[in-house]
Amino acid sequence: MSRSPVAKPIVILTGAGISKESGLHTFRDPDGIWATVRVEDVATPEAFRRDPRRVHAFYNERRRGLLRPEVQPNAAHSALARLESEWPAPVLLVTQNIDDLHERAGSRNLRHMHGELLKSRCEACGNVTSGRDDLTIELACAACTAIGAMRPHVVWFGEMPFDLDEVYGALGRCGLFLSIGTSGNVYPAAGFVAEARAAGAHTVELNLEPSEGHTQFAQGFYGKAGEIVPAYVDRLLAARR
């Protein structure tokens, strides 16, 4: 019996498309959030300095939406948690999403490059805390007691995504790169496929439809994430047996 080749590390990038099937609105679809709200009004450091009440109201609404009982991880989230658990080499999941659906599904080696909606950060001292309640300008920081300095722990336009050094390092070592539910037009994430290809990795896009960068991938599978992602993970794990 021939032995399976040595399993290589996997890097997975996920975007809004994987969470849309759980009932969360995307940002960039024609009927998405940015079609009704201006980025400049709610998602920049300048907007927060200009009108923090409005920015807090916007993210408080997003947070309440995420915490609705009907919003739950779907089959795609669960499949990726299973892949991390069963794959014999490291699996790093990098998400552009600020929701916690990957964690709820069981993913552990996870990096939120755009931050987390259920966390807040003090602009005065940098302390990060978890919480599900609304943020207000009257709220005091639990660490330094500064009032009015608490902000959503998310990456706004004009700010640097989190954990990029670690992500680029993993891309340089991976043997397989999966891009799931992403538009392919938001950098730096849109450039991850090129980094993985340069490292010799096999690259696969799993999306509702081909993204803007679909020609950079060696393979593409298209359809609902809750269907195509579990099917792909099943094939990948079966090939190891």
Nearest non-hydrogen partners of [X] and [Y], listed with the distance:
{"X": "E212", "Y": "G184", "result": "CB-O, 4.1 Å"}
{"X": "L135", "Y": "P152", "result": "CD1-N, 3.7 Å"}
{"X": "T203", "Y": "A196", "result": "CG2-CB, 4.2 Å"}
{"X": "A199", "Y": "G172", "result": "CB-O, 3.5 Å"}
{"X": "G65", "Y": "L24", "result": "O-CD2, 4.2 Å"}
{"X": "G131", "Y": "R63", "result": "O-CD, 4.2 Å"}

Quick one, E166 with R111, criterion salt bridge (Lys or Arg N to Asp or Glu O under 4.0 Å). Give me CA distance, side-chain angles, the key distance, then yes/no. CA-CA 9 Å; E166 180 180 359; R111 301 296 179 270; 2.9 Å; yes
One pair to check against side chain to side chain contact (heavy atoms under 4.5 Å, CB included): C141 and C125. What are the steps and the verdict? CA-CA 9 Å; C141 173; C125 71; 3.7 Å; yes
Could you check if a side-chain atom of [X] sits within less than 4.5 angstrom of a side-chain atom of [Y], using non-hydrogen atoms only?
{"X": "P188", "Y": "L164", "answer": "yes"}
{"X": "V94", "Y": "L171", "answer": "no"}
{"X": "T136", "Y": "L139", "answer": "yes"}
{"X": "S179", "Y": "S211", "answer": "no"}

Looking at [atom1] of [X] and [atom2] of [Y], how far apart are the two atoms once the value is rounded to the nearest 0.5 Å?
{"X": "H102", "Y": "T14", "atom1": "NE2", "atom2": "OG1", "value": "3.0 Å"}
{"X": "H77", "Y": "E21", "atom1": "NE2", "atom2": "CD", "value": "9.0 Å"}
{"X": "F177", "Y": "L92", "atom1": "CZ", "atom2": "CG", "value": "10.5 Å"}
{"X": "R197", "Y": "H202", "atom1": "CZ", "atom2": "NE2", "value": "11.5 Å"}
{"X": "Q96", "Y": "H112", "atom1": "CD", "atom2": "NE2", "value": "12.0 Å"}
{"X": "I12", "Y": "L176", "atom1": "CD1", "atom2": "CG", "value": "8.0 Å"}

Side-chain ([X]) to main-chain ([Y]) donor-acceptor, under 3.5 angstrom:
{"X": "D163", "Y": "M113", "result": "no"}
{"X": "S22", "Y": "Q72", "result": "yes"}
{"X": "N207", "Y": "S183", "result": "no"}
{"X": "E84", "Y": "R108", "result": "yes"}
{"X": "E205", "Y": "F217", "result": "no"}

Would D51 and R53 count as a side chain to side chain contact (heavy atoms under 4.5 Å, CB included) here? Give the steps. CA-CA 6 Å; D51 193 350; R53 290 186 187 275; 3.9 Å; yes
Side chain to side chain contact (heavy atoms under 4.5 Å, CB included) with L117: which of L67, N97, I98? I98
If Ile, Leu, Val, Met, Phe, Trp and Tyr residues are connected whenever their side-chain heavy atoms lie under 4.5 Å apart, and connections chain through other members, are [X] and [Y] in the same group?
{"X": "F162", "Y": "V128", "answer": "no"}
{"X": "L206", "Y": "L80", "answer": "yes"}
{"X": "L13", "Y": "V11", "answer": "yes"}
{"X": "V193", "Y": "V204", "answer": "no"}
{"X": "I18", "Y": "L110", "answer": "yes"}

May I ask you to decide if the ring planes of Y59 and W156 are parallel, tilted or perpendicular, using 30° and 60° as cut-offs? tilted
Could you label the plane-to-plane angle of the F221 and Y232 rings as parallel, tilted or perpendicular, counting under 30° as parallel and over 60° as perpendicular? tilted
Output yes when [X] and [Y] qualify as a salt bridge under the 4.0 Å nitrogen-oxygen rule, no when they do not.
{"X": "D234", "Y": "R82", "answer": "yes"}
{"X": "E103", "Y": "K119", "answer": "no"}
{"X": "R64", "Y": "D134", "answer": "yes"}

Steps toward side chain to side chain contact (heavy atoms under 4.5 Å, CB included) verdict (R50, D41): CA-CA 9 Å; R50 184 171 59 248; D41 292 335; 4.2 Å; yes
Stepwise, does the side chain to side chain contact (heavy atoms under 4.5 Å, CB included) test hold for L83 with L237? CA-CA 7 Å; L83 178 60; L237 292 175; 3.9 Å; yes
If you count every heavy atom of other residues, nucleotides or ligands that lies below 6.0 Å from R132 atom CZ, does the total exceed 12? no
Cation-pi, F58 ring and R54 (6.0 angstrom, 45 degrees): no
